[in-house]
Amino acid sequence: MTTLEYLNDHKDKFLNELLDLLRIPSVSADKKFDGDVRNAAMFVKDQLIAAGVDYAELCETKGHPIVYAEKIIDSTFPTVLVYGHYDVQPADPYELWDHPPFEPIVKNDRIYARGACDDKGQMYMHVKAFEAMMETNTLTCNVKFMIEGEEEVGSDNLEAFIKEEKQKLSADVILISDTSIINNDTPSITVGLRGLSYLEVEVTGPNKDLHSGVYGGAIANPINILTKLIADMQDEEGRITLPGFYDDVLEYSEAQRAEMAKAPFDLDHYKKELNIEEVKGEKGFSTIERVGIRPCLDVNGIWGGYTGPGSKTVLPSKAFAKISTRLVSNQNSGKITQMIIKYFEENAPKSVKVKVTPHHGGTPAVVSTHSNGYQAASKAFEQSWGKTPIPTMEGGSIPIVALFMQELKIEPILLGFGLDSDDIHSPNESYGLFNYYKGIETIAYFYGHFSQISKKS
Ligand code: BES
Ligand code: MN
Ligand code: MN
């Protein structure tokens, strides 16, 4: 039996197992779900054992466990290290879901659930591709799996793990499916991810909430101050005003930009999908460039004062915001974090107190298009999709990717199959069955090409 025949014979099984995984609400950011996060780890471990690994274990960390497993078939064969994450983003706001986020359903050939694409669906494709190769005796590489439970909260404990376990994690390539393709007619391979710096700001005015008539106009309102400070961080041309913010930004040549512009992009469709009249961003750059090669700064959440029904005349004591920047090569997350802290401390008026707490950061990553892994991935797409994939720079972040390169000195390959329309992190996240099955097939082909290419080089 060929791998493809095996895949076609086991579509229902592959789908049902993923649905079982999606039923586990493994939200890493919320302590309330800690037990479920562990259950998801155990599920992945058990499925890896069932698929035929030599052994699988939960590696305990200060936070959520890392699932590690391996199948060593021949020490002279190349080794593929698969990375993915079993944790998911919070599903809030629940009321915006058409169907409960942890009760997956299949509708119009799509799986709807939190994590359907990011990253349970994409990570599980690797478990099933491995099973198919084992069952059909077609596995040509050693495989190591490292599936973590803290990607959505910054991968802090994975960082410590990879620094300590370099020997265990030695491999010839790191294979990751946690990114997107342009569309199902235009496969692509992600060669760039943005980094980030994420902070929380707390502005305190008076020591208690006050009557907004009795005190209004006479003392500083922390919400007014905070929103002004935030607004001042960007100018009319969509540029970030912090002194030095762009100092380390790598500028792309006209030739590189022209190459990037060749990737298909339909601005009208993009606007229509989001129901917006106009896009907005840094002057002088296209939408693809704004997301792929330029940094940005955004408020991710803001609160304070009275937000309940009706009105309450109150002058709040405190205001809060969560702010993220997305960074590109060669910006340094720590440096940008300090820059933002300094901005708030220096620019907040004496009438308020300001406290800035950094959350997580991440280094941007740029991946080579010349590696064995890239060549193998390209050939795998040609075999399954019938098209040569285009290299793309994506706006999202997987902070651990830069660390893999730095610490393990292994070139990662971002073989993702998601679509922008999968609505990851949003209500009604989904993943197309076509992408799920086609992804499994492509991953299986990757192993064949990778072992061939590795032999030659
Ligand atoms: N899989 C995403 C990153 C991604 C999505 C890359 C789409 C490219 C295309 C990942 O799970 C993610 O959401 N990362 C976080 C990182 C953060 C929590 C440290 C992000 O980008 O917000
Ligand atoms: Mn992800
Ligand atoms: Mn994510």
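In each ligand, atom 1 is the first atom listed, and ligand 1 is the first ligand listed. Numbers here simply count residues along the sequence, with the first being 1.
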> Between R326, R294, R290, which is the residue that forms a salt bridge (charged side-chain N to carboxylate O under 4.0 Å, His left out) with E282?
Replying inline: R294

> In Å and rounded to the nearest 0.5 Å, what is the CD1 to CD distance from I443 to Q122?
Replying inline: 8.0 Å

>> For the backbone of S368 and the side chain of E411, can you confirm whether one donor and one acceptor N or O come within less than 3.5 Å of each other?
In response: yes

> Counting each atom of ligand 1 from 1 as listed, which ones have a heavy atom of H85 under 4.0 Å away?
Replying inline: 11 (O)

> Quick one: CG on L193 to CE on M393, what's the gap to the nearest 0.5 Å?
Replying inline: 8.5 Å

>> Counting non-hydrogen protein atoms only, what is the nearest one to atom 7 (C) of ligand 1? Give residue, atom name and distance.
In response: I424 CD1, 3.8 Å

> How about Y68 and F145: are their ring centroids closer than 6.0 Å?
Replying inline: no

> Got the closest protein heavy atom to atom 18 (C) of ligand 1, with its distance?
Replying inline: E152 O, 3.4 Å

> In terms of residue, atom name and distance, what is the protein heavy atom nearest to atom 14 (N) of ligand 1?
Replying inline: S397 O, 2.8 Å

> What is the closest protein heavy atom to atom 4 (C) of ligand 1, and at what distance does it sit?
Replying inline: D178 O, 3.7 Å

> Which residues and atoms, protein N, O or S only, are under 2.8 Å from the Mn ion (ligand 2)?
Replying inline: H85 NE2, D118 OD1, D178 OD1, D178 OD2

> Does a side-chain N-to-carboxylate-O contact under 4.0 Å join E259 and K262?
Replying inline: yes

>> Quick test of your reading of the model: are K128 and E17 salt-bridged, counting only N-O distances below 4.0 Å?
In response: yes

> So which bit of H425 gets within less than 4.0 Å of ligand 1, heavy atoms only: side chain, backbone, both or neither?
Replying inline: side chain

> Looking at Y246, does the NZ or CZ of R239 lie under 6.0 angstrom from its six-membered ring centre and within 45 degrees of the ring axis?
Replying inline: yes

>> Can you tell me which portion of D118 lies within the under-4.0 Å heavy-atom range of ligand 1? Options are side chain, backbone, both, or neither.
In response: side chain

> Does even one non-hydrogen atom of P399 get within less than 4.0 Å of ligand 1?
Replying inline: yes

> Taking the six-membered ring of Y445 as reference, does the NZ or CZ atom of K379 fall below 6.0 Å from its centre and within a 45° cone about the axis?
Replying inline: no

> Is a side-chain donor or acceptor of E70 paired with a backbone partner of V143 at a separation under 3.5 angstrom?
Replying inline: no

> Looking only at atom types and distance, does a side-chain atom of T61 sit under 3.5 Å from a main-chain N or O of G63, one as donor and one as acceptor?
Replying inline: yes

> What protein heavy atom is closest to atom 11 (O) of ligand 1, reported as residue, atom name and distance in Å?
Replying inline: E151 OE1, 2.7 Å

>> Contact between ligand 1 and T179 is defined here as a heavy atom of the residue under 4.0 Å from a ligand atom; is it met?
In response: yes

> Is R326 in contact with ligand 1, taking contact as a heavy-atom separation below 4.0 Å?
Replying inline: yes

>> Considering non-hydrogen atoms of the protein only, which is the closest contact for atom 9 (C) of ligand 1, and what is the distance?
In response: E394 OE1, 3.3 Å

>> Checking ring-ring contact (aromatic ring centres under 6.0 Å, His included) between F417 and each of Y436, Y437, F434, F381, which is the one that passes?
In response: F381

> Got the closest protein heavy atom to atom 17 (C) of ligand 1, with its distance?
Replying inline: H360 CE1, 4.0 Å

